[in-house]
Amino acid sequence: MAALGHASEEEHFDIYDEAGAWLGTAPRSEVHARGLWHRSIHCWLARRDGDRKLVLFQQRSSDKDTYPGFYDITAAGHLTAGESMRDAAREIEEELGASVPFEALIPLGEARKEAAGFAKGTAFVDREVSEVYGFVYDAPLGSLTLQAEEVAGVYEADLEEMIALFDGELDLAAAAGFRLGPDRQQLPSTVQVKASDFVTRPSSYYSGVFRALLLHL
């Protein structure tokens with residue numbers, strides 16, 4: 001991804017008004033500085049392990065501008081100018097090394113997000129509309145190849161426990177997976193996660209997605 005200081009190389013996003021009407025395009029930095037509406041894709045991977053139904057999630061790299069080290073959607077990304085959701089689905093393979101046909105994605109609805117904060121000392125306002133998808137992954141977690149610049153590790157947890165976590169019925173949920181070592185090798189890892197360890201979104205977003213995924217496993 002281009003550095004924000006090089007405007008000629010910077011990503012451009014399609015921008016929209018609050019009703020979803022297209023307004024034009026703008027550089028990524030301007031989009032986040034001015035809080036312009038733009039689009040993104042969310043893809044949650046889930047799998048069965050015997051009788052267990054699991055959801056996969058990533059840990060963001062410590063080098064990320066926003067929410068470094070937080071747990072997040074299995075794979076996600078912005079749509080650059082002119083891209084469709086089909087085009088943006090490439091983020092799944094880029095971040096996780098999993099080749100997922102767009103036709104195999106399960107539509108789970110739309111999510112709208114408005115958030116404000118600071119990224120490396122610079123204020124931002126993030127307003128985005130996301131199409132949310134699921135995918136039933138039929139390979140073991142260790143088959144994933146992570147994009148180290150974006151993803152520090154990947155974990156999986158029981159879907160029912162994750163629903164209870166975001167419904168406020170559990171304080172902690174157990175997850176197992178791997179993190180990347182200094183030479184990008186897979187290091188097995190187990191963690192106890194709290195809802196507050198995840199990128200800030202309404203709890204209903206997480207629990208709603210997880211309930212929808214249960215229906216497809």
Side-chain angles (χ1 to χ4, degrees), residues 1-45 57-92 94-96 102 105-135 147 149-151 166 195-213:
M1 183 178 298
L4 296 187
H6 298 287
S8 62
E9 301 174 9
E10 190 177 346
E11 285 182 307
H12 280 61
F13 297 160
D14 286 311
I15 55 173
Y16 304 84
D17 66 17
E18 195 165 352
W22 183 78
L23 299 175
T25 67
R28 180 191 181 104
S29 57
E30 182 181 341
V31 167
H32 287 140
R34 295 175 53 197
L36 302 172
W37 285 98
H38 54 289
R39 300 172 72 209
S40 65
I41 186 171
H42 295 178
C43 185
W44 289 92
L45 271 59
F57 55 88
Q58 67 163 262
Q59 184 174 27
R60 294 165 65 87
S61 164
S62 59
D63 293 329
K64 295 286 286 182
D65 286 350
T66 58
Y67 301 104
F70 277 63
Y71 299 114
D72 202 359
I73 301 155
T74 328
H78 292 100
L79 273 67
T80 55
E83 281 192 320
S84 66
M85 286 293 164
R86 177 185 293 271
D87 297 328
R90 73 183 190 285
E91 292 284 349
I92 304 166
E94 287 181 3
E95 291 190 358
L96 305 176
F102 183 77
L105 297 181
I106 303 162
L108 299 180
E110 182 181 276
R112 294 172 71 89
K113 175 188 175 185
E114 295 189 66
F118 290 87
K120 296 187 176 179
T122 301
F124 72 87
V125 179
D126 188 20
R127 291 191 174 100
E128 63 184 69
V129 179
S130 307
E131 293 295 329
V132 186
Y133 296 91
F135 179 72
Q147 183 182 16
E149 295 78 12
E150 301 284 335
V151 185
F166 283 97
S196 60
D197 294 333
F198 285 75
V199 169
T200 304
R201 295 184 179 90
S203 294
S204 58
Y205 165 84
Y206 289 102
S207 59
V209 168
F210 299 155
R211 284 188 169 91
L213 287 172

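In this structure, Glu94 and Glu150 have side chains that are not in contact, with every pair of non-hydrogen atoms separated by 4.5 Å or more. You'll find the side chain of Val129 stays beyond 4.5 Å of the side chain of Tyr16, heavy atoms only. Side-chain atoms of Asp65 and Thr122, non-hydrogen and from C-beta on, never get closer than 4.5 Å to each other. Using a 4.5 Å cut-off on side-chain heavy atoms (C-beta onward), Asp126 and Thr66 make no contact. Using a 4.5 Å cut-off on side-chain heavy atoms (C-beta onward), Trp37 and Leu23 make no contact. Side-chain contact between Val199 and Tyr206 is present, with heavy atoms from C-beta onward closer than 4.5 Å. At a threshold of 4.5 Å between non-hydrogen side-chain atoms, the residues Met85 and Leu79 count as touching.
Under the side chain to side chain donor-acceptor pair (under 3.5 Å) test applied with Ser40, the options Glu128, Lys113, Glu91 reduce to a single match, Glu128.
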Could you walk me through whether Ile92 and Leu105 pass the side-chain contact (heavy atoms from CB on, under 4.5 Å) check? CA-CA 11 Å; Ile92 304 166; Leu105 297 181; 4.1 Å; yes

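Summarising the geometry of Gly134 relative to Leu213, their closest heavy-atom pair is CA-CD2, 3.9 Å, with the distance given to 0.1 Å. For the pair Phe124 and Phe118, the tightest heavy-atom approach, listed with the atom from each and the gap, is CE2-N, 3.4 Å. Closest heavy-atom contact between Arg90 and Glu83: NH1-OE2, 2.6 Å. Of all the heavy atoms in Thr80 and Phe13, the pair that sits closest is CA-CD2, 4.0 Å. In plain terms, the two heavy atoms of Tyr133 and Leu108 that are nearest each other are C-CD1, 3.8 Å. The heavy-atom pair separating Val132 from Ala111 by the smallest distance is CG2-CB, 4.0 Å.
Annotation: the span from His78 atom NE2 to Glu11 atom CD amounts to 8.5 Å, rounded to 0.5 Å. How far CG of Leu36 is from CD1 of Ile15: 5.0 Å, rounded to the nearest 0.5 Å. We find the CD-CG distance between Gln147 and Leu96 to be 9.0 Å, quoted to the nearest 0.5 Å.
Every residue two or more places apart in sequence or in another chain that forms a side chain to side chain contact (heavy atoms under 4.5 Å, CB included) with Ala81 is listed here: His12, Asp14, Thr25. A search for ring pair (Phe, Tyr, Trp, His ring centres under 6.0 Å) contacts involving Tyr205 returns His42, not counting sequence neighbours. Remark: Glu149 pairs with Arg184 by the side chain to side chain donor-acceptor pair (under 3.5 Å) rule, at least two apart or across chains.
Heavy-atom contacts from other residues, nucleotides or ligands closer than 6.0 Å to CZ of Arg112 number more than 12.
Between His38 and His32, the two ring planes are perpendicular [angle over 60°; tilted spans 30° to 60°]. Taking the six-membered ring for Trp and thresholds of 30 and 60 degrees, Phe70 and Tyr67 have ring planes more than 60 degrees apart, a perpendicular arrangement.
Electrostatic pairing of Arg201 and Asp72 counts as a salt bridge here, judged by a charged N lying under 4.0 Å from a carboxylate O.
Panel note: side chain Glu10, backbone Arg28; a donor-acceptor pair is recorded below 3.5 Å.
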